[in-house]
Number of protein chains: 2
Amino acid sequence: MNRQNVTRDKVLDVACRLFYSNGFKGTSVRDIAKEANVNVSLISYYFNSKQGLFESLAVSYFEPYLEILENEQLSEVDFTIDSLVRKILHYKQTNYQLSCLLYRELSLNTIFAKEMLVTYLAKENHLFSQLLFQKSSHREINYKEKLCLLQFKGLLNAPFMMPNDFMDPYFTEASINHFVKVYSELMSNYKSVQKLAARV
Amino acid sequence: MNRQNVTRDKVLDVACRLFYSNGFKGTSVRDIAKEANVNVSLISYYFNSKQGLFESLAVSYFEPYLEILENEQLSEVDFTIDSLVRKILHYKQTNYQLSCLLYRELSLNTIFAKEMLVTYLAKENHLFSQLLFQKSSHREINYKEKLCLLQFKGLLNAPFMMPNDFMDPYFTEASINHFVKVYSELMSNYKSVQKLAARV
DNA sequence: GCACTCCTTTATCTATTATTCGACAAATAC
DNA sequence: GTATTTGTCGAATAATAGATAAAGGAGTGC
């Protein structure tokens, strides 16, 4: 590739690591530039602003993520919750830092992230509702289902929102697969989704 | 009380709200002072520093929280996971903003919060391990149990780490109780803890 | 009245922030 | 070869950050 992309990618890579460690507000563009061995001005040059840099990271995470959910929705015949869970966990684990930092920033009330990513979140919720409860129906979700969905997402996100409690020390493809296996088996003992789905 | 405490409490209250909304780094002491209608210098006067203010908030959350867990551990006779879950959920929900902001800051890698609160977290983990798996034993926790504990904590924290997916609009004692009831019932369908505990 | 402590204010200091500007180099187009 | 785009750099800007110093005010004890 031309030199543009190598610099750009280096910035994205470093930004991801630093945003993950220190948060968006806790990371200065100078920190990123220094760590990536590039000039500060280049960040504005490539991403317009610090926010634009964050936006690039966010899009690079959510686009493939939602694609997984959409593909799962299309393959109606051999769909199981377990296979969905495994695919999501695998994706999140291979993008560990992004998963962590994005959901953290999303928990803020005012930051732009919320306005920027609200569309993605709405889409995710819609797909989850369809996949778990009421395929192709437009019925409004009720309080209990809402909480159940929250628990389901909580289980999927726990490893990435509580880094103090779990951090894969190896991070090889094998260790990721092992994590996915054990974690999804434990999740299969969570029966609320099935019970609510069957009730309909 | 004398005027000290009214000012101090006002600062704590506003700080909690702003830290919750904008994060620690995203909130300036000037913002807090303005919103609380006090002079900026008073924050240094009462809490020494911005970090000291955060520390006061953190302690005020974790001390009563761990007390709940310790009391639960002592009453060995009538202990059930369900009653534990309800007590924790009720406490967290009545301290909604604190729950949310503290666990968010804890997910950062470098911030002082981690060093400051690591003791609390270790204690929480220890008590959970005893309560859920191996009362009074010192056996090292294994990988599967570790992930199970992670899922358990993920379920307990989900409502407070994903404010986009759940926010009680009323926040009365009645609505909190209703939430605790429905949420804990759904959680009771998560059988991994019981299965692992029985295996021993 | 005097000394003392506690609370509050005004003003200021130093460091760091994101962003922008103008200049320079290198590659590409023609 | 010349012109033009593309990438890079150093310096500067204006705003804001947390923290502090010095002094005034209010109440209390004596």
Side-chain angles (χ1 to χ4, degrees), chain A residues 1-58 101 104-105 108-116, chain B residues 1-58 101 104-105 108-116:
Chain A
M1 282 290 141
N2 43 6
R3 54 190 170 157
Q4 168 186 357
N5 292 341
V6 55
T7 305
R8 211 184 115 99
D9 289 353
K10 203 161 50 176
V11 169
L12 281 170
D13 190 54
V14 170
C16 178
R17 202 175 71 242
L18 292 186
F19 285 161
Y20 161 71
S21 290
N22 312 334
F24 179 78
K25 278 278 188 179
T27 307
S28 71
V29 288
R30 281 177 164 80
D31 293 339
I32 299 172
K34 193 202 281 180
E35 196 101 346
N37 278 318
V38 303
N39 192 283
V40 204
S41 312
L42 291 180
I43 290 176
S44 297
Y45 178 72
Y46 284 119
F47 306 99
N48 287 320
S49 64
K50 187 187 176 187
Q51 177 170 342
L53 168 56
F54 181 86
E55 216 162 309
S56 296
L57 286 174
L101 81 91
R104 177 175 51 215
E105 299 300 334
L108 293 173
N109 248 347
T110 60
I111 213 173
F112 56 94
K114 208 160 185 167
E115 308 162 18
M116 199 181 85
Chain B
M1 284 289 139
N2 43 3
R3 52 192 170 156
Q4 167 184 359
N5 292 342
V6 55
T7 306
R8 210 183 117 97
D9 289 353
K10 202 160 53 174
V11 169
L12 281 170
D13 190 55
V14 170
C16 177
R17 201 175 73 242
L18 291 186
F19 285 160
Y20 162 72
S21 289
N22 313 334
F24 179 77
K25 277 277 188 180
T27 307
S28 71
V29 288
R30 283 178 167 81
D31 292 340
I32 299 171
K34 193 202 284 179
E35 196 100 350
N37 278 317
V38 302
N39 195 282
V40 203
S41 310
L42 290 180
I43 290 175
S44 298
Y45 176 74
Y46 283 119
F47 306 99
N48 287 320
S49 65
K50 188 186 176 188
Q51 176 170 343
L53 169 55
F54 181 85
E55 218 162 306
S56 295
L57 285 175
L101 81 90
R104 177 175 52 215
E105 299 299 335
L108 294 171
N109 248 346
T110 61
I111 212 172
F112 57 93
K114 209 162 185 166
E115 309 161 19
M116 200 181 85

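Order of the sequence lines sets the chain letters (A, B, ...), proteins ahead of strands, with each chain counted from 1.
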Separation of atom [atom1] in [X] from atom [atom2] in [N], rounded to whole Å:
| X | N | atom1 | atom2 | result |
| --- | --- | --- | --- | --- |
| B:Leu42 | D:dT20 | CG | P | 14 Å |
| B:Leu53 | D:dA19 | CG | C1' | 14 Å |
| A:Gln51 | C:dT19 | CD | C1' | 13 Å |
| A:Ile32 | C:dA18 | CD1 | P | 8 Å |
| B:Lys50 | C:dT16 | NZ | C1' | 13 Å |
| B:Asp9 | C:dC7 | CG | C1' | 15 Å |
| A:Asn22 | C:dT16 | CG | C1' | 15 Å |
| B:Phe54 | D:dA17 | CZ | P | 19 Å |

Nearest to the [X] side chain among [options], which nucleotide is it?
| X | options | value |
| --- | --- | --- |
| A:Val29 | D:dT20, D:dG18, C:dT19 | C:dT19 |
| B:Arg30 | C:dT19, C:dT10, D:dG18 | D:dG18 |
| A:Asn39 | D:dC9, D:dT20, C:dT19 | D:dC9 |
| B:Ser41 | D:dG18, D:dG7, C:dT10 | C:dT10 |

I need the [X] [atom1] to [Y] [atom2] distance, nearest 0.5 Å.
| X | Y | atom1 | atom2 | answer |
| --- | --- | --- | --- | --- |
| A:Asn39 | A:Arg30 | CG | CZ | 10.0 Å |
| B:Glu55 | B:Phe47 | CD | CZ | 11.5 Å |
| B:Glu105 | B:Lys25 | CD | NZ | 10.0 Å |

_If the cut-off is 4.0 Å, is A:Thr7 near the phosphate of D:dG7, judged by side-chain N/O to OP1 or OP2?_
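Looking at the OP1 and OP2 atoms of D:dG7, neither is under 4.0 Å from any side-chain N or O of A:Thr7.
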_Taking 4.0 Å as the cut-off, does a side-chain nitrogen or oxygen of B:Tyr45 come that near to OP1 or OP2 on D:dA19?_
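No, no such contact exists.
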*Is B:Val40 touching bases, backbone alone, or none of the nucleic acid, heavy atoms closer than 4.0 Å?*
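If one applies the 4.0 Å heavy-atom cut-off, B:Val40 turns out to touch nothing in the nucleic acid.
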*Which part of the nucleic acid, if any, lies within reach of A:Ser28 when heavy atoms closer than 4.0 Å are counted: base, sugar-phosphate only, or nothing?*
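The answer is sugar-phosphate, as A:Ser28 gets under 4.0 Å only of primed atoms, P, OP1 or OP2.
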*Side chains of A:Phe54 and A:Met116: does their closest heavy-atom pair fall under 4.5 Å?*
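The answer is yes; the side chains approach within 4.5 Å.
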*Got a sec, which pairs hit salt bridge (Lys or Arg N to Asp or Glu O under 4.0 Å) with one end in residues 32-41 of chain A, sequence neighbours left out?*
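Of all non-adjacent pairs touching residues 32-41 of chain A, those that pass salt bridge (Lys or Arg N to Asp or Glu O under 4.0 Å) are A:Arg17-A:Glu35.
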